[in-house]
Amino acid sequence: MEFWKKRIPLIIVFLAGLTMILTYYSSRKEAVEILTSYSKWYQIIAGFALLLGVVSLGQVHIAKIRKLKSGWAYSLIMIIAFLVMSISGFIWGIEKGTPFMWIFENVTTPLASTVFSILAFYIASAAYRAFRAKSFEASLMLAAAILVMVGRIPFGEMVSRLLPDSLYFLRIDVITQWLFRVPVAAAKRAILLGIGLSSVTMSLRIILGIERTYMGGE
Amino acid sequence: MAINYDKMLSIDRRIVYLIIALAIAVPTIHPLNLPVTVTPDVRGVFDEIEKLEPGTPILISVDYEPSTTPEMDPMSKAVILHCLLRGLKVIGISYLIYGSGIGEDLFNEVEKIYEEATGKKLVYGRDYCYLGYKPGDYAMIIGLGEDFKGTCKQDNYGKSVYELEILKPIKTLRDFPLMIDLHDDSYINYWIIYGNERTGIKIGSCCTAVMATGMYPFWRAGQITGIVGGLKGGSEYEKLVNEKYNLKRRLKQARAGMDAQSVIHIVIILFMLLGNFAFIMKTKQSKKQ
């Protein structure tokens, strides 16, 4: 049992991981064919994973409705919405003019946009109540935020144009661009490098069988 | 008369919300028509499209969700319209499941704008096509890099990709000199890693303002040709398209939104300054007492 439950998955992961690494860096025809097959397998497995996700989602919400747990009404709405969208898509298709597309255009999109746009109100309220220059770092962040906010709108450019050409480097839009291109790009690059190195480490641990939490337990 | 800074700091949030609502509504109803200056980031995408000869295929990936359509749609329309006006063969695809509906709407709308602006008709399958959502995450991109039609199989409407005239010369991602990613998240990273790095396809980024800051390392490294970020980027792109093609119906959706955004930025800055002023004065008052 140990062999089937532990060894076989480890061998599969090791071989799949190694093959992906080797074929990714090779331009030989055989390597390309293997990589293409792998990507198709992945697409098929991802399709099944999607199905699994739908089943799991249904199970969680149906159980919540049955037991009348707190917020069960939201689960009911979720299930109804899911069924309406799925059934209308299966029966009438998803092209323009179908009920599926009508719901997508007139319910899904406006609802999602509305929720997202509410952010502007929260940001304004939070900016007034919480964005305080309590320390040097907070003051620096406040100054950078103001500069970027002014620099990213035409008003900033209009004000900046009042400066003489000799003081070009003091224009708000120029400072904003510099902030984006130098400090922001450098910080973002450092984060990306960190993520990249961590991903490589974790991938190697999984391929070599050191990290086994994905199999459950340990 | 002494100012009560405590009261000033604990202002009712409904007043803040009301001011914000007015700051958005007024410039939307009465546009301010603020001037737009084109930045090199946006020009990087525009110029790369201009460099392509008419008839060249271009891939557009619609990778954003319904929540960001108000910010993404104007620039997406401007970029797709630009490609069509340039005479490029536009092939749409999506990395996201939402892209199926969003992309369909987008292409339908751009088709209408194109016909109104030029008086010419576009033919689906010859001038443009939309392949819709393709599952498989980054494996889908690897697949496109090796066997484009084998990976896509059908367009968004269930038609075989082998029947589409526009896709006849396309074998792999290498047949596209350029792709534009319309994205509201970091999906472009996969296009860079598995698209640009493996096949050499150039990539232009059109994204939300929040995402734009994260694109600068890629731009500086030459992995993307330019960045059209948020409504500001969209308004700059609209200006470039309007000026270059002298359209009968001028693009102005992003620019209209930019007016409201400009006012809202100023209002938020004033809130921040006012909040800090009250905070500093209150601290001083407390020290005195």
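In this text the structure is predicted, and so the values were computed from the model without any measurement. Basis for what follows: all heavy atoms, side chains included, without hydrogens, waters or symmetry-related copies. Throughout, a chain's letter reflects where its sequence line sits, starting with A, and its residues are numbered from 1.
Among the candidates Gly47(A), Ser117(A), Ala127(A), Ala124(A), the residue making the largest number of heavy-atom pairs closer than 4.5 Å to chain B is Ala124(A). When each of Leu270(B), Asp147(B), Leu9(B), Leu231(B) is checked for heavy-atom pairs under 4.5 Å with chain A, Leu9(B) comes out on top. Ranked by heavy-atom pairs under 4.5 Å with chain A, the list Thr39(B), Leu273(B), Thr213(B) is led by Thr213(B). Chain B forms the most heavy-atom pairs under 4.5 Å with one residue out of Lys134(A), Glu157(A), Glu33(A), Met158(A), and that residue is Glu157(A). In terms of heavy-atom pairs under 4.5 Å with chain A, the best-connected choice from Ser10(B), Ala212(B), Gly158(B), Ala21(B) is Ala21(B). In terms of heavy-atom pairs under 4.5 Å with chain B, the best-connected choice from Phe116(A), Phe131(A), Tyr128(A) is Tyr128(A). In terms of heavy-atom pairs under 4.5 Å with chain B, the best-connected choice from Met149(A), Gln177(A), Lys188(A) is Met149(A). With chain A as the partner, the residue from Ile102(B), Asn156(B), Val267(B), Ile264(B) showing the most heavy-atom pairs under 4.5 Å is Ile102(B). With chain A as partner, the option from Glu146(B), Met140(B), Arg13(B), Arg198(B) having the largest number of non-hydrogen pairs under 4.5 angstrom is Arg198(B). No other option in Gly101(B), Pro217(B), Pro35(B) has as many heavy-atom pairs under 4.5 Å with chain A as Pro217(B).
Both the backbone and the side chain of Ile11(B) come within contact range of chain A, judged by heavy atoms closer than 4.5 Å. For Asp73(B), no part lies under 4.5 angstrom from a heavy atom of chain A. Neither the backbone nor the side chain of Phe100(A) comes within contact range of chain B; no heavy atom of the residue lies under 4.5 Å from a heavy atom of that chain. Met72(B) does not touch chain A: none of its heavy atoms, backbone or side chain, sits under 4.5 Å away. Contacts between Thr283(B) and chain A at a heavy-atom distance below 4.5 Å are absent for every atom of the residue. Heavy-atom distances place the side chain of Asn108(B), and not its backbone, under 4.5 Å from chain A. Residue contact with chain A, scored on non-hydrogen atoms closer than 4.5 Å, involves the backbone and the side chain of Ile193(B) alike. Only the side chain of Ala46(A) comes within less than 4.5 Å of a heavy atom of chain B; its backbone N, CA, C and O stay farther away. In this structure, chain B has heavy atoms under 4.5 Å from both the backbone and the side chain of Arg132(A). For Ala209(B), no part sits under 4.5 Å from any heavy atom of chain A, backbone or side chain. Contacts between Val184(A) and chain B at a heavy-atom distance below 4.5 Å involve the side chain alone, from C-beta outward. With a 4.5 angstrom heavy-atom cutoff, Ile191(A) does not touch chain B via any of its atoms. In this structure, chain B has heavy atoms under 4.5 Å from both the backbone and the side chain of Phe121(A).
Using a cutoff of 4.0 Å between basic side-chain nitrogens and carboxylate oxygens, Asp41(B) and Arg181(A) are scored as salt-bridged. At a threshold of 4.0 Å, the pair Lys252(B)-Glu238(B) does not count as salt-bridged, since none of the basic side-chain nitrogens sits closer than that to a carboxylate oxygen.
Minimum heavy-atom separation, Gly209(A) to Leu10(A): CA-CD2, 3.8 Å. When all heavy atoms of Leu147(A) and Thr176(A) are compared, the pair lying nearest together is O-OG1, 3.3 Å.
Of the possible polar contacts, none joining the Asp137(B) side chain to the Ala139(B) backbone as a donor-acceptor pair under 3.5 Å is found. Using modelled atom types, one side-chain atom of Lys239(B) and one backbone atom of Val36(B) make a donor-acceptor pair closer than 3.5 Å. No donor-acceptor distance shorter than 3.5 angstrom exists from the side chain of Ser56(A) to the backbone of Leu52(A), with no hydrogens or angles considered. Distance alone, capped at 3.5 Å, is enough to place a donor-acceptor pair between the Lys134(B) side chain and the Leu131(B) backbone. Without hydrogens or angle criteria, Asp184(B) side chain to Glu65(B) main chain gives a donor-acceptor distance under 3.5 Å. A donor-acceptor pair under 3.5 Å is formed between the side chain of Thr23(A) and the backbone N or O of Met20(A).
Separation of the Tyr124(B) and Tyr157(B) ring centroids falls under the 6.0 Å cut-off.
Contact annotation: the side chain of Ile103(A) approaches that of Val84(A) to within less than 4.5 Å [non-hydrogen atoms, C-beta and beyond].
Remark: Tyr138(B) engages Tyr42(A), Tyr95(B), Ile142(B), Tyr190(B), Tyr194(B) in a side chain to side chain contact (heavy atoms under 4.5 Å, CB included) (not counting sequence neighbours).
Using the six-membered ring where Trp is involved, Phe180(A) and Tyr216(B) have ring planes that are parallel, under 30° apart on the 30 and 60° scheme.
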